[in-house]
Amino acid sequence: MTNQSLGIRSMELLIAYSRDRSLSLRNRLVEINAGLVRQVAHRISNQCSEPYEDLEQIGYIGLIRAIERFDPHQGCAFSSFAIPYIRGEMLHYLRDKGSVLRIPRRWQELYTRGKKLRKQLTVSLGRPPKEPEIAKALGISLQEWHECQLALQNRLMVSLDANVSQVNDGVISFGETLPDPRCQMQRKWEEERLQLQRAMSQLEDKTKAAIECVFLRDLPRKEAAKEIGISPMTVTRHLQKGIEQLSELLEPSVA
């Protein structure tokens, strides 16, 4: 099954789950959207020493919470809604265990020795030493020295109020440089809504009406058939046809 088909199938199940909170439906939704958990777990595992498998298991808790709280009638993509829950659950887990970044002991020792060597070389050379000189004195490559410094410097929490840039009429704090997730999500929802509207406008009238009645207005297929003036079986055929056409018309991320 393609990503487009999975996305559409996921939305169908989410709509069904909003009506019937059955465990089997929820388990199916977890199975279909497991890729979101793996994606976030892989990204975070590259930034810490926590095993990927542990992060993945914790991520499923976030996915289930997203499934429970998602409203399919708000018109947003489930992936955009779920990823903050999944990521948040993993970060909470890491925070509770201690430092997110666990620095290898070797790098901690190199960093301490490097600080002492910097002072010693400043005295002996009569100037601040260059980074290659410190790396040579430590007996390591310049790349490893850079990585060691970066890891040790970035393990400390940065205040959102810390100044990071000077402008004509004041300073910009670190917090002000961070994108607002709500604005980003709202912009993404609006773009996806416009794409869906454009794609829907290209469908046949009865196909469009069937999708609007069943997926957007949440009508049972019998009621949708009565309103459109066709049989329930025909409604089903129009839904299948419409889903296939929308899969082709929409961009993969929106579909």
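Worth knowing before you read on, the calculation uses all heavy atoms, side chains too, and leaves out hydrogens, waters and symmetry mates.
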Asks: How far apart are the C-alpha atoms of I44 and L91, what are their side-chain angles, what is the distance that settles it, and do they pass the side-chain contact (heavy atoms from CB on, under 4.5 Å) test?
Replies: CA-CA 9 Å; I44 293 181; L91 293 181; 4.2 Å; yes

Asks: Would a distance-only check, ignoring hydrogens and angles, find a side-chain to backbone donor-acceptor pair under 3.5 Å from R21 to E68?
Replies: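 Checked: pair present.
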
Asks: Compare every heavy atom of G242 with every heavy atom of T207, then report the nearest pair and how far apart it is.
Replies: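 Here T207 and G242 meet closest at CG2-CA, 3.4 Å.
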
Asks: Give every donor-acceptor pair under 3.5 Å between a side-chain atom in residues 57-65 and any protein atom, sequence neighbours left out.
Replies:
residue: Y60; atom: OH; partner: E56; partner atom: OE2; Å: 3.2
residue: R65; atom: NH1; partner: E89; partner atom: OE1; Å: 2.9

Asks: Specify the closest pair of heavy atoms between V214 and A224, including all atoms of both residues, with the distance to one decimal.
Replies: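 Closest approach of V214 to A224, heavy atoms only: CG2-CB, 4.0 Å.
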
Asks: When rounded to the nearest 0.5 angstrom, what is the spacing between CG in D218 and CZ in R19?
Replies: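 One gets 4.5 Å once the value is rounded to the nearest 0.5 Å.
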
Asks: Same cluster for L219 and L203 if Ile/Leu/Val/Met/Phe/Trp/Tyr side chains link at under 4.5 Å?
Replies: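 No, it is not one cluster - the side chains of L219 and L203 are not joined through contacts under 4.5 Å.
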
Asks: Please assess R28 against Y17 for the test side-chain contact (heavy atoms from CB on, under 4.5 Å), listing each intermediate value before the final yes or no.
Replies: CA-CA 10 Å; R28 181 61 179 143; Y17 188 66; over 6 Å; no

Asks: For H73, I'd like to know if atom NE2 has over 12 heavy atoms of other residues, nucleotides or ligands within 6.0 Å.
Replies: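 More than 12 within 6.0 Å, yes.
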
Asks: Quick one: do I243 and I230 end up in the same hydrophobic cluster if we chain Ile, Leu, Val, Met, Phe, Trp and Tyr together by side-chain heavy atoms under 4.5 Å apart?
Replies: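 Same cluster.
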
Asks: Between CE of M90 and OG of S45, what distance do you get to the nearest 0.5 Å?
Replies: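 Interatomic distance, M90 CE to S45 OG, rounded to 0.5 Å: 9.0 Å.
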
Asks: Please step through side-chain contact (heavy atoms from CB on, under 4.5 Å) for the pair R43 and R87, ending with a clear verdict.
Replies: CA-CA 10 Å; R43 189 177 306 153; R87 186 173 184 273; 5.8 Å; no

Asks: Is it true that the side chains of R237 and T234 contain a donor and an acceptor less than 3.5 Å apart?
Replies: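 Yes, T234 and R237 have a side-chain donor paired with an acceptor closer than 3.5 Å.
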
Asks: For the hydrophobic clusters of this structure (ILVMFWY residues joined by side-chain heavy atoms under 4.5 Å, transitively), does one cluster hold both Y52 and V37?
Replies: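 No.
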
Asks: Return the minimal non-hydrogen interatomic distance between L239 and A210, and the atom names on each side.
Replies: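 Looking at all heavy atoms of both residues, the shortest contact is CD2-O, 3.5 Å.
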
Asks: For the CG atom on D205, are there more than 12 heavy atoms of other groups (residues, nucleotides or ligands in this structure) within a distance under 6.0 Å?
Replies: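 No, the 6.0 Å shell around CG holds no more than 12 heavy atoms from other groups.
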
Asks: Check whether N33 reaches the backbone of L29 with its side chain - one donor and one acceptor, N or O, closer than 3.5 Å.
Replies: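 Yes, N33 side chain to L29 backbone: donor-acceptor pair under 3.5 Å.
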
Asks: Under a 4.5 Å cut-off applied to non-hydrogen side-chain atoms, are R217 and E223 in contact?
Replies: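 A side-chain contact is absent here, since even the closest heavy-atom pair is not under 4.5 Å.
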
Asks: Measuring only between side-chain heavy atoms, which start at C-beta, is Q245 closer than 4.5 Å to Q202?
Replies: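 Side-chain contact under 4.5 Å: no.
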
Asks: Report yes if the side chains of E131 and W145 come closer than 4.5 Å at any heavy-atom pair, otherwise no.
Replies: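 In contact.
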
Asks: Using the rule given for side-chain contact (heavy atoms from CB on, under 4.5 Å), can you reason through I86 versus Q39, listing the C-alpha separation, both sets of side-chain angles and the distance that settles it, and then say yes or no?
Replies: CA-CA 10 Å; I86 297 169; Q39 172 188 335; over 6 Å; no

Asks: Does some side-chain heavy atom of F78 sit less than 4.5 Å from a side-chain heavy atom of L13?
Replies: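 L13 vs F78: side chains apart.
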
Asks: Identify whether the distance between the nearest side-chain nitrogen and carboxylate oxygen of R118 and E133 falls below 4.0 Å.
Replies: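 No, this pair does not count.
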
Asks: Atom OG of S247 and atom CD of E244: how far apart are they, to the nearest 0.5 Å?
Replies: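 Those atoms lie 7.5 Å apart.
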
Asks: Would you mind reporting whether L142 and K136 have side-chain heavy atoms less than 4.5 Å apart?
Replies: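 No, every pair of side-chain atoms sits at 4.5 Å or beyond.
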
